[in-house]
Enquirer: 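Have a look at the structure that comes next, please.
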Amino acid sequence: MNLYQILQNFHSGWAYLTLLMGVLFVLMIGYFAFSKKARTAGITKLSFFATLTFHIQLLVGVVLYFVSPYAQFTENTMKDATNRLYAIEHPLMMFAAVVLITIANAKLKKSESVPMSSFILGLIALVLVLSRIPWSTWLG
Ligand code: HEM
């Protein structure tokens, strides 16, 4: 296995955990925010680990970006939907999602309750992730 294959396998497998943590984040933060519950140690940890999971996926994704044959730019990149997804849309949207969940986590840490803004930011992050996963190559 070369570096590319190791990174690709990791990024592909870690994506399950990223999705799971993203869904848990939205469900639990949403539950706490809507029922106006005080922030507990448990929810703070969940938020931290969800953010950490996203950050690890981002770091590996950035390295993968430079070695993947799918993330190459050609004169057809904008015309070819698959090439455009890997070279532009996936990295940009995933990066935005990581920024959003990081802000959601920071807002949660600073607040005594669980803020609605953390839920909304987390929800947008999850929607961005779901919208730009290359589903057919990942699970196909
Ligand atoms: C943080 C959320 C992210 C998630 C959930 C995610 C998820 C995925 C998934 C499921 C695949 C398909 C893997 C497969 O076909 O087996 C993939 C591929 C890829 N991702 Fe991400 N990704 C994320 C972030 C990023 C970022 C930030 C970058 C780059 C800056 C990136 C770059 C890539 C590249 C280049 C591929 C294609 C790899 C290849 O097969 O050559 N990803 N990603």
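Note that these values count all heavy atoms, side chains included, but never hydrogens, waters or copies made by symmetry. Note that ligands are numbered from 1 as they come in the structure, with each ligand's atoms numbered from 1 the same way.
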Enquirer: Donor-acceptor pairs under 3.5 angstrom involving side-chain atoms of residues 121-129: please list them, not counting sequence neighbours.
Expert:
none

Enquirer: Just need the protein heavy atom nearest to atom 5 (C) of ligand 1, so name the residue and atom and give the distance.
Expert: V129 CG1, 3.8 Å

Enquirer: Mind checking whether W135 and W138 have parallel, tilted or perpendicular rings, split at 30° and 60°?
Expert: tilted

Enquirer: Nearest non-hydrogen contact with atom 40 (O) of ligand 1 belongs to which option: Q8, R132, M93?
Expert: Q8

Enquirer: Main chain of W14, side chain of T18: is a donor-acceptor contact present, judged purely on distance under 3.5 Å?
Expert: yes

Enquirer: Any side-chain heavy-atom pair from M116 and F34 closer than 4.5 angstrom?
Expert: yes

Enquirer: Should you measure from each heavy atom of V98, which atoms of ligand 1 turn up under 4.0 Å away?
Expert: 1 (C)

Enquirer: Quick one: does ligand 1 sit under 4.0 Å from the side chain of L19, the backbone, both or neither, non-hydrogen atoms only?
Expert: neither

Enquirer: Closer than 4.0 angstrom: is that true for some heavy atom of Y4 and an atom of ligand 1?
Expert: yes

Enquirer: Let's test this: below 2.8 Å, count the protein N/O/S atoms around atom 21 (Fe) of ligand 1.
Expert: 2

Enquirer: Could you tell me which atoms of ligand 1, counted from 1 in the order shown, lie closer than 4.0 angstrom to a heavy atom of W138?
Expert: 10 (C), 13 (C), 14 (C), 15 (O), 16 (O)

Enquirer: At less than 4.0 angstrom from any non-hydrogen atom of V62, what atoms of ligand 1 do you find?
Expert: 29 (C), 30 (C)

Enquirer: Quick one: nearest non-hydrogen protein atom to atom 36 (C) of ligand 1, plus distance?
Expert: Y86 CD2, 3.8 Å

Enquirer: May I ask you to decide if A87's main-chain N or O and Y65's side chain share a donor-acceptor pair within less than 3.5 Å?
Expert: yes

Enquirer: Is there a donor-acceptor contact under 3.5 Å from the side chain of N105 to the main chain of I101?
Expert: no

Enquirer: Do S111 and R39 have side-chain atoms, one donor and one acceptor, less than 3.5 Å apart?
Expert: no

Enquirer: Can you tell me if H90 uses its side chain to pair, donor with acceptor, with the backbone of L85 under 3.5 Å?
Expert: no

Enquirer: Can T82 and Y70 be said to form a side chain to side chain contact (heavy atoms under 4.5 Å, CB included), step by step?
Expert: CA-CA 8 Å; T82 309; Y70 295 104; 5.5 Å; no

Enquirer: With a cut-off of 4.0 Å, which atoms of ligand 1 are near a heavy atom of S68?
Expert: 35 (C), 37 (C), 38 (C), 39 (C), 41 (O)

Enquirer: Taking heavy atoms and a distance under 4.0 Å, where does Y70 meet ligand 1: side chain, backbone, both or neither?
Expert: side chain

Enquirer: Quick check: closest heavy atoms across Q57 and H11, and the distance to 0.1 Å?
Expert: NE2-O, 3.0 Å

Enquirer: Using the rule given for side chain to side chain contact (heavy atoms under 4.5 Å, CB included), can you reason through H55 versus V98, listing the C-alpha separation, both sets of side-chain angles and the distance that settles it, and then say yes or no?
Expert: CA-CA 7 Å; H55 279 217; V98 179; 3.5 Å; yes

Enquirer: Give me the nearest non-hydrogen protein atom to atom 16 (O) of ligand 1 as residue plus atom name, then the distance to 0.1 Å.
Expert: S12 OG, 2.9 Å

Enquirer: Could you list the atoms of ligand 1 found under 4.0 angstrom from a heavy atom of L58?
Expert: 27 (C)

Enquirer: Does CZ belonging to F66 count more than 12 external heavy atoms closer than 6.0 Å?
Expert: no

